[in-house]
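Taking it in order: structure first as structure tokens, then the write-up.
Below, read A as the first sequence line, B as the second, and so on, with proteins coming before strands; counting in each chain starts at 1.
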Amino acid sequence: MHIPENYLSPATCAVMTAVMVPVWVHAVKKVNTEIPKKDVPMIGVGAAFSFLGMMFNVPLPGGTTGHAVGGTLIALLLGPNAACLAVTVALLIQALLFGDGGILSFGANCFNMAFVLPYFGYFIYRLIAGKSEKKSRQLLGAAVGSYAGINLAAFCAAIEFGIQPYLFHDAAGKALYCPYTLNVSIPAMMIGHLTLFGIAEIVYTVAVYSYVKTIAVNKVSGNAGKMVSENGIVDNSQNIKKKPIFILMAVLIALVPIGLLAQGTAWGEWGSDEIMKITGLSYVPAKLGTGWSLSSVFPDYTMAGIPDAIAYIMSAIVGVAIMIIVFKVASSLIKGKTDYQVK
Amino acid sequence: MIDCNDICYAYEGVPALRHVSFNIEEKECVVFRGPNGCGKSTLFKLLNGLIFPEVGTYTFQGELITEKTMSDQLFAKRFHQTVGYIFQNSDMQLFCSTVIEELEFGPRQMGLTDEEIDKRSKDVVEMLGIENLLGRAPYHLSGGEKKKVAIGCILTMNPKVLILDEPLAGLDDRSKKWLSEFLLLFKKTDKTILIATHDRELTELLADRVIEIDENHLVKS
Amino acid sequence: MIDCNDICYAYEGVPALRHVSFNIEEKECVVFRGPNGCGKSTLFKLLNGLIFPEVGTYTFQGELITEKTMSDQLFAKRFHQTVGYIFQNSDMQLFCSTVIEELEFGPRQMGLTDEEIDKRSKDVVEMLGIENLLGRAPYHLSGGEKKKVAIGCILTMNPKVLILDEPLAGLDDRSKKWLSEFLLLFKKTDKTILIATHDRELTELLADRVIEIDENHLVKS
Amino acid sequence: MIIKDSYVPEWMLQEEKYSPKMDHDGFIIRSLMKIMSLLSEFRSNAALKQSYFSTRAKLIATILLIILECTSTNMFFVYIIFAVVMVALSTLKGQSIRKIIGSAMPAAVFSALIVLPAFLMGNHNLMVTVVLRVFISVTMIGIMSVTSPWNEVTGSLKVFHLPDIFILTFDLTLKFIMILGDICTNMMTAIRLRSVGKNNRKESALSGVMGTTFLKSHQMSEELYGAMICRGFDGKYNRRSTRFNKHDIIILIVMIILVLLFIFLNFMQ
Ligand SMILES: Nc1ncnc2c1ncn2[C@@H]1O[C@H](COP(=O)(O)OP(=O)(O)OP(=O)(O)O)[C@@H](O)[C@H]1O
Ligand SMILES: Nc1ncnc2c1ncn2[C@@H]1O[C@H](COP(=O)(O)OP(=O)(O)OP(=O)(O)O)[C@@H](O)[C@H]1O
Ligand SMILES: [Mg+2]
Ligand SMILES: [Mg+2]
């Protein structure tokens, strides 16, 4: 679902970024006031899970691949505002360091995966799970929520792709950016997400969520099942045990090369070198071929001369570490929130 | 006049003040008491606008004291003139090269005339009995002498509120007696006085009210 | 044990001690009293071999303490282990980066084994009730906490003579009481104690003898 | 010394009618404060809790890694070190991370400026290799210094058989810098509190302050030295030998792996 550089017109990118600005502002404000300072690094852990989730590529017959995003998962654990920030940072690091998703299209990617996905997924979860203490209800909510979230996000991405040829084409009618119209882009995106990728997201969300809930939460306070209070904020009275979470993360990092089994590129994520061969198009859209792009340190999570699997693991390690660093730094910038309770 | 509302402060996450609230009226004399490390000095630094509460608000004469209001130069200067603060460690409070310069620093900053400055420092010198120290370097004085000079250089600024952190520590009996009496007199002149001290006699002599802070950094009530 | 004979000392020509003579026997507890600036701290520095008399002689256990004898490293080390000195300004006395290191510095310099050092510092920590300060940086402590640490780091060296300059200044009532009682106990263990203090109660409690210095830096007799 | 009993001068009885004027002392004071706070920053570094690994092991590991990383001709090895450093960094506190990155970034930018000509002439590789190496090295030293108290670092220098006098000088210098920083911060506070108006003789006031600071620090260092002497200090350094602890095994294992990788990547391929 990562929209690469030059698939969207700069105008579209600008609009999407403009939409995201108030969302980011709102999320930062909320997180700032509602999440205790010491829990902010946990958002980094959330971002790391999202980042890892996106590295597990699932192949779809026909040569394309997709992946889970994990946005709903973070929303369930830390609230949708924290999830928005977490996914944003994950996307930023992917774009800057690994060339996954464009810099200009960063706003659009965030709109789909950091805004639509977690907030909608969380909304659906609340609708189903409500205030229920029952674990099955909660897991059902997590499943449906994450599925709905990723699909709405994919739909948004499809529309962003699809409207490009209508709006931006040259005199001969050749598209300047993404060449596919809505009637192609929507089914192309949705078929994958309604089936395999949606299921991947469900599996990833429910598996991690139930693991974290049952193992990683101290049962001292009695209602261990409920980590998120009414307004979607981490319940302060509960201590999240960190060790099992990091063990899980290490396991996931070790497993990331599985994502390499899926050969091929996700729909809409081709490089300009691949596009003619894969799509059977008779031309390379003008701006798509010649547009600006950043050369990243580890393009597509690989390094020249290094076995892909090792490079992939290295990418995962570096990405996860950087994400935790980012949020730890952020938490140190937040003032106050010392615990003034007398022990 | 001084309004502290639910103030919390921590040094790198270690609380030094917890939910401290009190009110001090003009012309009151309040003694702060509590075991070592309970946060008296920290509270005084806060009341002097040197540090700012993490939680809660501090209002002085109806004006909120925050990092922002204190960054206004004129306001800060006015505030520092109004509130005189005598450090617990007077070593750190003296920075001029002679005692007389030390005494004149404040009034000179305030733009008083030379005669006025002379008069003020002369009066203060007389009050404190430090005539023989005038030409000396402050950092070479004895512990008690330093304290007296520190008190003197605040008095020449004629503040309305006097905040004293352990004023009697290290003073000899005569100076102690003198300072107690002086503070008593000072109290009668419409000034507000805040003192942190472990001295019982001084407390009995002066305090209109005692605010106790306990080892958990809470104000006892 | 401690013999001062007609000692004079001046800071850059300004006298701080004038013809001071006295004798202190082993196991005595002597309180030095006098107004601020009379020269108590100067005298103590002298008794610790940090400065040397301009006129007169200072003999410790029959050995003359001069610049020359103190430049003998072995003698100096032995002397400093025997005489424990607690500064008036504990800020100046603490130089390690954590409290525990501070406590262990002395015994370590004496070359004790690790177990012994551990035991000593543990005992002292318990006595002073400063368990919660161990990992802290000494310069971030409150005034009273610093004093306790300063006392602690001398006690770990187990000196025979204890010289305390204003030990009670800035301590809270509980610590004051504790320290007075501790000194009383210490006194009973064949140790010699020299104290400079303005505190009457402590003087009454401890002093076998009071030596008064007046503002002219002379010992009254 | 005569203390006049119960006498308060006239002016003290009146309330001060005073309204301050603007002064332009902000700049000097602020820039001074900057320097001072830097010094006291130095001091706060010395105060640290027990760290997981021994300082000695960290010192050796840091030096070894810097040597390996700088001599490796294989970029992949540098990337591996980068990953290791990032993971190590991510275990620290946010405050410390900020400090480390705050010193590593300028170093990286500076080295980038130095290799810029080569980059413009087409040697793009150099940019990544040099800048990344510099960033890694400075970050590693940063992690080392942030997680270990200074005195332990200087103490660990004994591992390399440096003479006592060198370690002592190093240590005392650090200590005196800290004292200076401490004096300065406190005095700046005192000055700020009493700077309630316009100072027309700023230069002289400022030079007076600087002079006093110097004299004071001199006096203080003397007193401090006295304090050390009183506690049996004789120029020799007896300190708790910073031994290796059991956690150092982890560092040892990582080191062995990295050295093997280094040999494999640089000489076997
Ligand atoms: N700069 C600092 N950094 C870290 N902790 C500090 C700092 N200053 C004070 N503290 C801690 O904050 C607490 C309160 O200190 P404070 O100096 O306010 O105590 P106090 O009430 O004045 O004690 P005392 O009677 O001993 O002077 C103490 O536990 C002290 O160790
Ligand atoms: N380093 C110095 N340089 C110059 N003069 C000094 C120095 N130290 C002390 N003095 C002066 O020597 C005299 C004696 O000082 P000392 O510190 O011994 O007094 P004290 O009896 O300890 O007083 P207090 O009770 O105030 O501590 C004082 O007049 C003091 O100003
Ligand atoms: Mg205090
Ligand atoms: Mg003295």
Side-chain angles (χ1 to χ4, degrees), chain B residues 11-12 14 16 32-45 87-92 128-130 132-133 135-137 139-149 165-179 196-201 203 212-215 217, chain C residues 11-12 14 16 33-45 87-92 128-130 132-133 135-137 139-149 165-179 196-201 203 212-217:
Chain B
Y11 291 103
E12 283 141 41
V14 184
F32 289 83
R33 204 163 53 187
N36 292 134
C38 70
K40 299 181 296 295
S41 301
T42 307
L43 179 63
F44 280 6
K45 271 187 220 156
F87 291 18
Q88 182 163 15
N89 184 353
S90 19
D91 240 327
M92 295 299 163
L128 294 165
I130 50 174
N132 56 336
L133 304 181
R136 303 273 299 276
Y139 48 89
H140 278 161
L141 299 179
S142 83
E145 289 168 339
K146 274 183 199 155
K147 185 125 257 162
K148 287 188 191 174
V149 175
D165 200 350
E166 302 280 358
L168 299 191
L171 286 189
D172 59 34
D173 288 352
R174 234 162 81 199
S175 312
K176 251 185 206 159
K177 186 153 170 286
W178 172 80
L179 187 60
T197 187
H198 300 294
D199 194 285
R200 269 175 202 291
E201 281 171 46
T203 311
E212 292 245 18
I213 306 179
D214 65 14
E215 61 256 49
H217 319 294
Chain C
Y11 290 104
E12 285 137 38
V14 186
R33 204 161 53 184
N36 292 135
C38 71
K40 300 182 294 294
S41 302
T42 308
L43 179 62
F44 279 6
K45 269 186 217 154
F87 289 25
Q88 181 164 16
N89 183 351
S90 15
D91 248 326
M92 289 296 107
L128 294 165
I130 49 173
N132 55 336
L133 303 181
R136 303 271 301 275
Y139 45 90
H140 277 164
L141 299 179
S142 84
E145 288 168 340
K146 273 183 199 156
K147 185 120 256 164
K148 286 188 193 171
V149 175
D165 200 349
E166 301 283 355
L168 298 191
L171 287 188
D172 60 30
D173 288 353
R174 230 168 71 204
S175 313
K176 256 184 203 158
K177 188 154 168 283
W178 171 83
L179 187 59
T197 187
H198 300 294
D199 194 284
R200 266 172 205 294
E201 280 173 47
T203 311
E212 294 246 16
I213 307 179
D214 64 15
E215 59 255 46
N216 293 322
H217 319 295

Starting at CG of C:N132, measure out to CD of B:E215 and round the result to the nearest 0.5 Å.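 CD of B:E215 is found 10.5 Å from CG of C:N132.
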Do B:N36 side-chain atoms and C:G170 backbone N/O form a donor-acceptor pair below 3.5 Å? yes
Let me know if B:N89 has heavy atoms under 4.5 Å from chain C in its side chain, its backbone, both or neither. side chain
Should the heavy atoms of other residues, nucleotides or ligands under 6.0 Å from CD of C:E201 be counted, would the total exceed 12? no
Can you tell which part of [X] gets under 4.5 Å to a heavy atom of chain B, answering side chain, backbone, both or neither?
X: C:D91; result: side chain
X: C:L171; result: both
X: C:Q88; result: side chain
X: C:S41; result: neither
X: C:K147; result: neither

Show the nearest heavy-atom pair for residues C:S142 and B:G37, with the distance to one decimal. OG-N, 3.2 Å
Taking the side chain as every heavy atom from C-beta outward, state whether B:R200 and C:D173 have any atom pair closer than 4.5 Å.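 When only atoms from C-beta onward are counted, C:D173 and B:R200 do touch, with a gap below 4.5 Å.
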